[in-house]
Number of protein chains: 2
Amino acid sequence: MDRRQEILEAAAKSFSLFGYKATTMDQVAKIANVGKGTIYTFFANKEELFNAIVLQMVEEMRVASDAATVEGASFEQNAHARLMQMLKFRETHQLYAKLVDEGKELRTPAVIEVLAEIENEIVSYIKTKIERAIDKGELKPCDSKLVAYLLFKSYMALVVDWGKTHEDEELSEERIAGLLRSTIFTSLLA
Amino acid sequence: MDRRQEILEAAAKSFSLFGYKATTMDQVAKIANVGKGTIYTFFANKEELFNAIVLQMVEEMRVASDAATVEGASFEQNAHARLMQMLKFRETHQLYAKLVDEGKELRTPAVIEVLAEIENEIVSYIKTKIERAIDKGELKPCDSKLVAYLLFKSYMALVVDWGKTHEDEELSEERIAGLLRSTIFTSLLA
DNA sequence: TATTGACCAGGAAACAATTATGGTCATTCA
DNA sequence: TGAATGACCATAATTGTTTCCTGGTCAATA
């Protein structure tokens with residue numbers, strides 16, 4: 001079997017299980033049944049290997065997000081479904097959840113960097129969806145980059161942050177959807 | 001002069017200059033020209049003294065925020081002015097800025113707690129302003145608590161967070177105001 | 001009765017010693 | 001002969017130990 005592929009799988013497993021810092025190259029080599037040196041013929045260093053794994057994950061997330069959309073549904077419905085899907089992915093997917101935790105607790109720089117890149121990726125993704133909806137005439141023209149950013153941050157705030165300070169008062173998905181419909185989404189319509 | 005007051009002033013000075021952790025009770029006592037024991041006749045412990053100082057600051061912030069409003073101006077104009085004022089206060093006011101930094105860098109629990117309380121206070125403040133505007137018939141009824149939360153988080157995102165990941169592309173206040181007008185504010189109008 | 005500062009226990013720094021790890025490269029196969 | 005390997009190395013992280021600080025107390029004081 002392809003050595004590069006075995007290494008990728010071993011690394012994905014280890015990063016998911018132990019995070020970035022606690023994953024050692026020896027560990028990855030052993031899981032992949034490969035000499036440590038072999039890893040370095042495919043990846044320049046630990047961080048590049050890590051980036052490759054994260055790239056895979058971002059692709060997975062894009063697929064999951066696309067799968068959450070309904071052909072023919074409104075921009076609001078699909079944007080909501082996509083964002084909720086990505087935030088669910090964020091706390092469900094073993095690797096993503098581990099990285100969020102490691103970024104917050106250990107502050108590993110490589111992890112913080114990668115998390116920022118992922119968020120950028122998500123915002124870009126939303127941005128293209130907004131632009132497509134504008135082209136279709138469903139939304140009126142707007143600063144798509146900023147609106148995408150605002151939408152992402154709003155969902156993060158309501159889905160992720162709110163619970164941290166309002167442990168008692170859980171927000172239902174309907175309440176979130178309702179709030180955003182009556183504020184942001186409606187005003188984006190053409 | 002009032003001993004309690006001297007202690008408060010000394011503590012305010014020290015917390016502003018050095019933050020929570022790096023302020024020692026001996027330090028405060030010396031600045032206040034008071035025996036250390038005396039502090040404990042007014043405040044149960046360091047944290048209570050700290051809370052008293054922060055309470056003062058929240059009051060200052062409320063005053064500054066009220067001062068930024070214009071009688072007779074629209075809800076949007078005043079809400080924008082208030083929120084910008086409070087976020088400016090956040091990075092301008094020596095104590096607030098120090099606490100934000102200490103919360104992020106040192107993760108001092110007492111500081112993190114207090115920062116959460118301050119944000120709660122700000123959101124409550126916005127909430128009352130929203131409710132007043134609803135009573136006046138300027139805004140249509142809405143989930144004032146959630147809308148206040150969303151507004152605060154949106155401003156934080158655009159004013160504070162954006163710059164961290166888009167160092168090159170500074171957001172002008174006009175662009176921020178424009179974005180929020182065309183999304184959130186307009187849809188709140190009665 | 002209000003104030004004080006020497007005093008104390010517990011926890012944080014500072015330092016030293018030990019271990020673990022990312023990355024290299026001479027050697028080894030296939 | 002060139003891809004694969006793992007012993008090896010410098011450095012970073014961790015652990016253990018000692019010392020120093022600091023929040024809080026309270027007997028002495030004014």
Side-chain angles (χ1 to χ4, degrees), chain A residues 1-54 98-99 101-114, chain B residues 1-54 98-99 101-114:
Chain A
M1 190 194 182
D2 184 12
R3 292 183 114 70
R4 186 190 153 88
Q5 191 54 33
E6 301 212 77
I7 292 168
L8 279 172
E9 275 166 31
K13 195 174 296 180
S14 186
F15 285 132
S16 296
L17 236 38
F18 310 116
Y20 179 76
K21 189 161 173 254
T23 286
T24 70
M25 295 303 262
D26 278 310
Q27 171 94 278
V28 173
K30 185 173 293 179
I31 298 179
N33 272 100
V34 148
K36 184 161 60 155
T38 307
I39 299 178
Y40 288 88
T41 67
F42 294 105
F43 304 93
N45 51 43
K46 189 181 177 184
E47 203 165 336
E48 269 208 14
L49 175 59
F50 181 52
N51 288 336
I53 299 300
V54 170
K98 251 262 145 23
L99 294 183
D101 187 64
E102 185 172 351
K104 192 164 312 197
E105 296 308 317
L106 268 33
R107 315 272 211 81
T108 319
V111 171
I112 292 175
E113 239 167 66
V114 130
Chain B
M1 190 195 182
D2 184 10
R3 292 184 113 70
R4 186 190 154 88
Q5 191 55 32
E6 301 212 78
I7 292 168
L8 279 173
E9 276 165 30
K13 195 175 296 181
S14 186
F15 285 133
S16 296
L17 236 38
F18 310 115
Y20 178 77
K21 187 158 176 260
T23 287
T24 70
M25 294 303 261
D26 278 310
Q27 172 93 280
V28 173
K30 185 174 291 179
I31 298 178
N33 271 101
V34 147
K36 184 162 62 157
T38 307
I39 299 178
Y40 288 88
T41 67
F42 295 104
F43 303 93
N45 51 44
K46 188 182 178 184
E47 202 164 337
E48 268 207 14
L49 175 58
F50 181 53
N51 288 336
I53 300 300
V54 170
K98 251 255 146 24
L99 295 184
D101 186 65
E102 185 172 351
K104 192 165 312 201
E105 295 308 316
L106 268 36
R107 316 273 208 79
T108 321
V111 172
I112 292 176
E113 240 167 64
V114 130

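Heavy-atom basis, side chains included; hydrogens, waters and symmetry copies ignored. Numbers restart at 1 for each chain; the letters A, B, ... are given by sequence-line order, proteins then strands.
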Starting at atom [atom1] of [X], determine the distance to atom [atom2] of [N], rounded to an integer number of angstrom.
X	N	atom1	atom2	value
B:Lys46	C:dA12	NZ	C1'	12 Å
A:Tyr20	C:dT21	OH	P	13 Å
A:Phe42	D:dA4	CZ	C1'	10 Å
A:Ile39	D:dA3	CD1	C1'	15 Å
A:Glu47	C:dT21	CD	P	18 Å
B:Phe18	D:dT22	CZ	C1'	16 Å
A:Leu49	C:dG22	CG	C1'	12 Å
B:Met25	C:dA6	CE	P	17 Å

Proximal nucleotide (of D:dG23, C:dA13, D:dT5) relative to the A:Val34 side chain: D:dT5
Please pick, from D:dG23, C:dT4, C:dG22, the nucleotide with the shortest atom-to-atom distance to any side-chain atom of B:Arg3. C:dT4
At 4.0 Å (heavy atoms only), tell me whether B:Thr24 reaches a base, stays on the sugar-phosphate, or touches nothing. sugar-phosphate
Using a cut-off of 4.0 Å on non-hydrogen atoms, how would the nucleic acid contact of B:Lys30 be classed: base, sugar-phosphate, or nothing?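 B:Lys30: no heavy atom of the nucleic acid under 4.0 Å.
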Provide the closest heavy-atom pair for A:Ser16 versus A:Ala12 in the form atom of the first, atom of the second, distance.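 The pair with the smallest heavy-atom distance is OG-O, 2.7 Å.
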Smallest heavy-atom separation, B:Lys98 atom then B:Phe15 atom, equals CD-O, 4.2 Å
Qualifying side-chain hydrogen bond (donor to acceptor under 3.5 Å, both in side chains) pairs, either residue in residues 103-112 of chain B, two or more places apart: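 Output for this query lists B:Glu102-B:Thr108.
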C:dA13, OP1 or OP2 - any side-chain N/O from B:Lys21 closer than 4.0 Å?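 B:Lys21 to C:dA13 OP1/OP2: side-chain N or O found under 4.0 Å.
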Got a list of side-chain donor-acceptor pairs under 3.5 Å for residues 43-54 of chain B, not counting sequence neighbours?
unit_1  : atom_1 : unit_2  : atom_2 : d
B:Asn45 : OD1    : B:Glu47 : N      : 3.2
B:Asn45 : OD1    : B:Glu48 : N      : 3.0
B:Lys46 : NZ     : B:Tyr20 : O      : 2.9
B:Lys46 : NZ     : B:Thr23 : O      : 2.8
B:Asn51 : ND2    : B:Glu47 : O      : 3.4

Tabulated below should be each protein N or O lying under 3.5 Å from an N or O of nucleotides 28-30 of chain C; please produce it.
none

Strictly under 4.0 angstrom, non-hydrogen atoms only: write out the protein contact profile of nucleotides 7-12 of chain D, one letter per nucleotide from the 5' end, B, S or -. ------
B:Thr38 side chain reached by B:Thr41 side chain, heavy atoms, under 4.5 Å: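 When only atoms from C-beta onward are counted, B:Thr38 and B:Thr41 do touch, with a gap below 4.5 Å.
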Sequence neighbours excluded, which residues qualify as side chain to side chain donor-acceptor pair (under 3.5 Å) partners of B:Glu113? none
Find the distance between CG (A:Asp2) and CD1 (A:Ile7) and round it off to the nearest 0.5 Å. 8.5 Å
Toward the 5' end of DNA chain C, which comes first, B:Thr38 or A:Thr23, by nearest nucleotide?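 This one resolves to B:Thr38.
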Show every donor-acceptor pair shorter than 3.5 Å between a side-chain atom in residues 24-36 of chain B and any protein atom, with sequence neighbours excluded, or say none if there are none.
unit_1  : atom_1 : unit_2  : atom_2 : d
B:Thr24 : OG1    : B:Gln27 : N      : 2.9

